[in-house]
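A note on names: the letters A, B, ... follow the listed sequences, proteins ahead of strands, and every chain is numbered from 1. Note that the coordinates shown come from a computational prediction; the quantities given were computed from them, not determined experimentally.
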2 protein chains.
Amino acid sequence: MARRVAKPPASADLDARKATILEAVVTEHIDTAQPVGSSSVASSADLSVSPATVRSEMVALEREGYLAQPHTSAGRVPTDKGYRYFVDHLSDATVGSAQQRQVAEFFAHVRGEVEDVLEQTSTLLSEMTNYTSLVVGAGHGHATILSAQLVSLDANHQLLVTVFSDGAVTKHSVFTPYAVMPSDVAEASRQINALLLGTSLEHRVQVPSRTDQVASLVRDAVATLHAESPTVEGEQVFIGGSSRVAEAFNGVETVRKVLAILEQELLVVSLVQDVLESGSSVAIGSEHGFESLASCALIVAPVTIDGQRAGAVGLLGPTRMKYREALAAAQLVSEQLSRHFIGEDERVQ
Amino acid sequence: MARRVAKPPASADLDARKATILEAVVTEHIDTAQPVGSSSVASSADLSVSPATVRSEMVALEREGYLAQPHTSAGRVPTDKGYRYFVDHLSDATVGSAQQRQVAEFFAHVRGEVEDVLEQTSTLLSEMTNYTSLVVGAGHGHATILSAQLVSLDANHQLLVTVFSDGAVTKHSVFTPYAVMPSDVAEASRQINALLLGTSLEHRVQVPSRTDQVASLVRDAVATLHAESPTVEGEQVFIGGSSRVAEAFNGVETVRKVLAILEQELLVVSLVQDVLESGSSVAIGSEHGFESLASCALIVAPVTIDGQRAGAVGLLGPTRMKYREALAAAQLVSEQLSRHFIGEDERVQ
DNA sequence: TGTTAGCACTCGGTAGAATCGAGTGCTAAC
DNA sequence: GTTAGCACTCGATTCTACCGAGTGCTAACA
């Protein structure tokens, strides 16, 4: 299972010049994917200081763990800690107006069931940023049951269809080794509905233990429903733009590892959950516990409905991802998504 | 949209020796991913003939388009046509007994809704073969409606929950700009159920055009359901082991392209459909119309229930994939899957 | 004391030359 | 028709030389 996400170490503040230099290195490396030398930092950043000075500062930054050198006589590359500092001291940015329009446009016209909206949102987010996006929908453990109905597929197979207050619908097939009469199914359906109405998966109901066939059908059906774990189940993940993984890394092996993680939905859910709970909105490199994602950074933003956490959106990219843009995009989309679900009532469809 | 899959050109039979040589080249190249030279063919294949003879045959095979030379002084590599001949003349093989056990084991214990079974099957298939697997579930356009029920989420939002004879359940939200009373919802629900019962999405019903509120709710709900395309919708794709794509190719760019295709579910469905309809069970290289999949081969096997096509399983790999094993696995799994759904009634759960 | 110019040094990357060898195509003999 | 023999091709590998970006150090400077 997912390891707890390390709380980002409250990085002691660097003095202004070191901070500027670090920022310059990070920015340029994100841009070029190349090690950054002292001279380009000296000329790019607006500290009027010679490369030599920059160099000696870089030595210090390297000693303190913010930068690393691939080899002597190469420029410097940010470490995870370096990225962390960069992200923590990022001035908030907003996304470009073109993208704002794109998002507004999207949410103005998106239609359909929650699942469809989430799925399309994941595509949107991935297309906006060119990173792989994760959209996690909340489970319905806390939602109350609005309707539970038993439908007969044939004499031995019934289907329990449950509608929840959050609009989720689940189905569970119930097999009976004995044939059940339609009238009994109808009766069981009535009883199940009466029994479950208003309850939630978190607070399970007692089923009266009579012994007739209808009662045992009711018992089987309710048991099948309750077999579902209220926390894990129903949490859906939509992954958008997984092909972007292949853009972000140039080693096929890294791509494979990352994809292998993304294949495991439960893992992805718990990963996003963990980062969210750590209170941070970014997990860089080894901060999340997954070795295979050591060269990845994950950005998350919660989706809330009425202040309740109702899911999250995320972006997965290389550690040298465009944090400012990606953060802004994730935040914008998560806000809009939250508003979308709250505001659904008011909007005329 | 997907281009029609070219019917594999009925490859004129090669004489026995050419066939043997071609087979040896294909087999070895699949194994080593390297161009194959005349001497290794001469020694491996059991034609007692010198490399020089093999060479002259290879020239002929190249002229006829079965083999290609990456450059002078390299060995030969099969072309798509070469693979096609190889596949067409493949002696049927069965999967190893260990894998047979694995499949039997899987189907003996797999439980849950159709979707879950299909999803797990895709994982199974991918793990058996180390290729990316595709499992396509049939749409429910032809299934009849067993129950249609309108559940009220709030005064303005109703949810139409429809149960089909194949066990599928769909939901469609219906928005009303005016508030609807619970009693009206219940009445509409009754009417909708009566109206839709026994119909299918292919054969749509006429809705009486009265003007009262209940009738307009009924009309809206049915219209929303019918807005769903009976052919395309409901066809689900489960992709297993997409990370295997990164194992199969060593160019990151190829990996990206293939993943980009896999992201588009509709494309994948129609791709599988097209190959299936072409009557062949394998599409090699450019045979399916997708340029981005030029270096891929796709194996498909239909899943049938009562002789009706009810979906398909597929395997996507490089053109130099292990056809014999992959074909056997796909066929075994598709048969077992078919049997699973038919046999569900008889098995005690 | 902090900054800077100067400089020797390191080391990855690139280019060119030499070499190797797997594999070919051709030819002549069987 | 088959095959041994052989010259030839050309990618891959190795080696060398060398370039140059970038460093660390030192000594001079403000």
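At least one donor-acceptor pair closer than 3.5 Å links the side chain of A/T79 to the backbone N or O of A/G65.
Between B/R84 and B/D80 there is no salt bridge, since none of the side-chain N atoms of the basic residue sits less than 4.0 Å from a carboxylate O of the acidic one.
A close approach under 4.0 Å does not occur between any side-chain nitrogen or oxygen of B/S50 and OP1 or OP2 of D/dT2.
Put simply, CD on A/Q34 is 15 Å from C1' on D/dG20, counting in whole angstrom units. Rounded to an integer number of Å, the gap from A/H29 NE2 to D/dG22 P is 13 Å. A/R17 places its CZ atom 11 Å from the C1' atom of C/dT4, with the value rounded to the nearest Å. Atom CZ in A/R55 sits roughly 10 Å away from atom C1' in C/dT4 (whole-Å rounding). A straight line from CZ of B/R76 to P of D/dC10 spans 14 Å, rounded to a whole angstrom. In this entry the distance linking CD of B/E62 with C1' of C/dG23 reads 13 Å, nearest Å. Residue B/H71 contributes atom NE2, which lies 5 Å from atom C1' of D/dG11 at whole-angstrom precision. The CG-P distance, from B/L67 to C/dG25, rounds to 11 Å in whole Å.
C/dG21 is paired with D/dC10 under the Watson-Crick or G-U wobble criterion, all donor-acceptor distances under 3.5 Å. Both distances falling under 3.5 Å, in either a Watson-Crick or a G-U wobble arrangement, place C/dT27 opposite D/dA4.
For the side chain to side chain contact (heavy atoms under 4.5 Å, CB included) test with B/I239, the passing option among B/L316, B/T132, B/V245, B/T123 is B/T132; the others fail. Considering B/S56, B/S43, B/S38, B/S40 in turn, B/S38 is the only one that fulfils the side chain to side chain contact (heavy atoms under 4.5 Å, CB included) rule with B/P51.
Of the candidates D/dC10, D/dT3, C/dT24, the closest approach to any side-chain atom of B/S38 belongs to C/dT24. The side chain of A/V49 lies closest to C/dT4 when the candidates are D/dT2, D/dA4, C/dT4. For B/A52, taking side-chain heavy atoms from C-beta onward, the closest of the listed nucleotides C/dT3, D/dT23, D/dT3 is D/dT3.
Residue B/T72 is the one, among B/T72 and A/S39, whose nearest nucleotide of DNA chain D lies closer to the 5' end (criterion: closest heavy atom).
Checked by distance alone, B/S73 brings a side-chain donor or acceptor within 3.5 Å of a matching partner on the base of D/dT9.
The residue A/S56 sits apart from the nucleic acid: no heavy atom pair falls under 4.0 Å.
The environment of NZ in A/K322 is sparse: at most 12 heavy-atom neighbours from other residues, nucleotides or ligands sit within 6.0 Å.
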